[in-house]
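In what follows, a single structure is set out as structure tokens and then discussed.
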Amino acid sequence: MNKFVKIAIALVICLTVGYSAGVVTKPSIATWYVTLEKPVFNPPNWIFMPVWTMLYILMAIAAALVWDRIKEQTEEVKKALLFFLIQLTLNAIWSYLFFGLKNPMLALIEIILLWLLIYETYLKFIKINKTAGYLLIPYLAWVGFASVLNASIWWLNK
């Protein structure tokens, strides 16, 4: 399987996760989320979809670049991709916790765990393919920001 097929498969997986998160999120945006007190640095709602779409694309390319090294570093690649899939699963769960269950505190605990797993994935990716590691930096930064935003929303609404 060539690199472009791997990128396409990873894109489908990551964008499907993003779409499923959007399905859970959308009903709460116009109802529950608008009732919450938010910090002054809360971005406008329209920014989240393009940012997340770009992040899912970068994540997919990173995963495919690591996957492409499977023959050279089999065990390291398998472990790195396992961490990637775990963090991707946690990524999807956050939307369910925050918007589906409407539980910012539980979502905060989970997003901290998510950030730690993204960081571990980054460390594993960068050892296999530097570009793949670098492609996760915007994701790490955004989830760090999202963690602060989540904490602020929880604090303001507890």
Side-chain angles (χ1 to χ4, degrees), residues 3 6-26 28-29 33 36-69 76-77 79-101 103-158:
K3 189 182 301 186
K6 290 174 183 171
I7 291 172
I9 291 168
L11 274 171
V12 168
I13 292 168
C14 290
L15 292 174
T16 299
V17 168
Y19 177 78
S20 68
V23 168
V24 171
T25 301
K26 192 172 183 176
S28 294
I29 293 294
Y33 189 69
L36 296 175
E37 184 152 350
K38 296 172 205 70
V40 295
F41 58 87
N42 191 76
N45 290 344
W46 64 265
I47 201 83
F48 290 95
M49 189 177 79
V51 167
W52 275 110
T53 301
M54 181 54 63
L55 292 173
Y56 285 122
I57 290 168
L58 294 175
M59 290 163 53
I61 294 168
L65 291 174
V66 168
W67 184 11
D68 200 48
R69 298 274 174 92
E76 293 87 354
V77 168
K79 189 179 283 189
L81 291 176
L82 176 62
F83 271 83
F84 181 82
L85 290 173
I86 293 168
Q87 70 76 29
L88 191 60
T89 302
L90 287 174
N91 179 301
I93 291 170
W94 181 88
S95 294
Y96 176 74
L97 297 175
F98 191 90
F99 290 104
L101 294 181
N103 191 331
M105 185 182 74
L106 190 55
L108 176 59
I109 294 165
E110 196 269 359
I111 201 169
I112 293 166
L113 180 59
L114 170 60
W115 190 91
L116 291 169
L117 274 154
I118 296 166
Y119 183 68
E120 186 63 30
T121 303
Y122 160 80
L123 292 175
K124 291 187 179 327
F125 275 26
I126 204 136
K127 288 178 186 172
I128 296 166
N129 181 302
K130 290 216 183 301
T131 301
Y134 297 149
L135 288 171
L136 293 182
I137 292 173
Y139 180 38
L140 261 172
W142 183 259
V143 171
F145 170 72
S147 300
V148 172
L149 182 59
N150 187 155
S152 300
I153 291 171
W154 169 72
W155 182 259
L156 291 169
N157 294 279
K158 63 180 182 156

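Small disclaimer: the values here were computed from a predicted structure and weren't measured.
Sorted by first and then second residue, the pairs that involve residues 124-152 and meet salt bridge (Lys or Arg N to Asp or Glu O under 4.0 Å), not counting sequence neighbours, are Glu120-Lys124. For residues 36-47, every residue pair satisfying the side chain to side chain donor-acceptor pair (under 3.5 Å) rule, not counting sequence neighbours, is listed here: Tyr33-Asn42. Among pairs with a residue in residues 79-96, none fulfils salt bridge (Lys or Arg N to Asp or Glu O under 4.0 Å), at least two apart in sequence or across chains.
Between Ala10 and Ala60, the shortest heavy-atom contact is CB-O, 3.4 Å. For the pair Val17 and Ala92, the tightest heavy-atom approach, listed with the atom from each and the gap, is CG1-CB, 3.8 Å. Annotation for Ile128 and Glu76: closest pair CD1-O, 3.5 Å, computed over non-hydrogen atoms. The nearest pair of heavy atoms linking Arg69 to Val77 is O-CG2, 3.6 Å. Across all their heavy atoms, Val24 and Ser95 have their closest contact at CG1-O, 3.5 Å.
Here the straight-line distance linking atom CG of Leu85 with atom OG1 of Thr121 works out to 9.0 Å at 0.5 Å rounding. Taking CG from Leu136 and CD from Gln87, the interatomic distance works out to 7.5 Å, rounded to the nearest 0.5 Å. Here CG of Leu114 is found 12.0 Å from CD1 of Ile86. Values are rounded to the nearest 0.5 Å. Taking CD1 from Ile112 and CG from Asn150, the interatomic distance works out to 8.0 Å, rounded to the nearest 0.5 Å. To the nearest 0.5 angstrom, Leu116 atom CG is 11.0 Å from Ile111 atom CD1. Note that CD of Glu110 is 10.0 Å distant from CG of Leu108, once rounded to the nearest 0.5 Å.
Partners of Phe98 according to the ring-ring contact (aromatic ring centres under 6.0 Å, His included) rule, which considers only residues two or more places apart in sequence or in another chain, are Trp32, Trp94. For the side chain to side chain contact (heavy atoms under 4.5 Å, CB included) test, residues two or more places apart in sequence or in another chain that qualify with Pro138 are Leu55, Leu58. In this structure, the side chain to side chain contact (heavy atoms under 4.5 Å, CB included) partners of Met105, at least two apart in sequence or on a different chain, are Asn103, Trp154. Annotation: side chain to side chain donor-acceptor pair (under 3.5 Å) contacts of Tyr96 (sequence neighbours excluded): none. With sequence neighbours left out, Tyr134 forms a ring-ring contact (aromatic ring centres under 6.0 Å, His included) with no residue at all. For Trp115, the ring-ring contact (aromatic ring centres under 6.0 Å, His included) partners at least two apart in sequence or on another chain are Tyr119. Considering only residues two or more places apart in sequence or on other chains, Thr89 meets the side chain to side chain contact (heavy atoms under 4.5 Å, CB included) condition with Ile93. Residues satisfying the side chain to side chain contact (heavy atoms under 4.5 Å, CB included) criterion with Ile13, sequence neighbours excluded, are Ile9, Leu88. Partners of Tyr122 by side chain to side chain donor-acceptor pair (under 3.5 Å), not counting sequence neighbours: none found.
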Test log, rule side chain to side chain contact (heavy atoms under 4.5 Å, CB included), inputs Val148 and Phe41: CA-CA 10 Å; Val148 172; Phe41 58 87; 3.9 Å; yes
Worked check of side chain to side chain contact (heavy atoms under 4.5 Å, CB included) between Leu135 and Leu65: CA-CA 10 Å; Leu135 288 171; Leu65 291 174; 4.0 Å; yes
Report the C-alpha distance between Leu15 and Tyr19 in whole Å, list the side-chain angles of each, state the deciding distance to 0.1 Å, and finish with yes or no for side chain to side chain contact (heavy atoms under 4.5 Å, CB included). CA-CA 6 Å; Leu15 292 174; Tyr19 177 78; over 6 Å; no
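Ring geometry for Phe125 versus Phe84: interplanar angle under 30°, hence parallel rather than tilted (30 to 60°).
Remark: aromatic rings of Phe145 and Trp142 are close, center separation under 6.0 Å.
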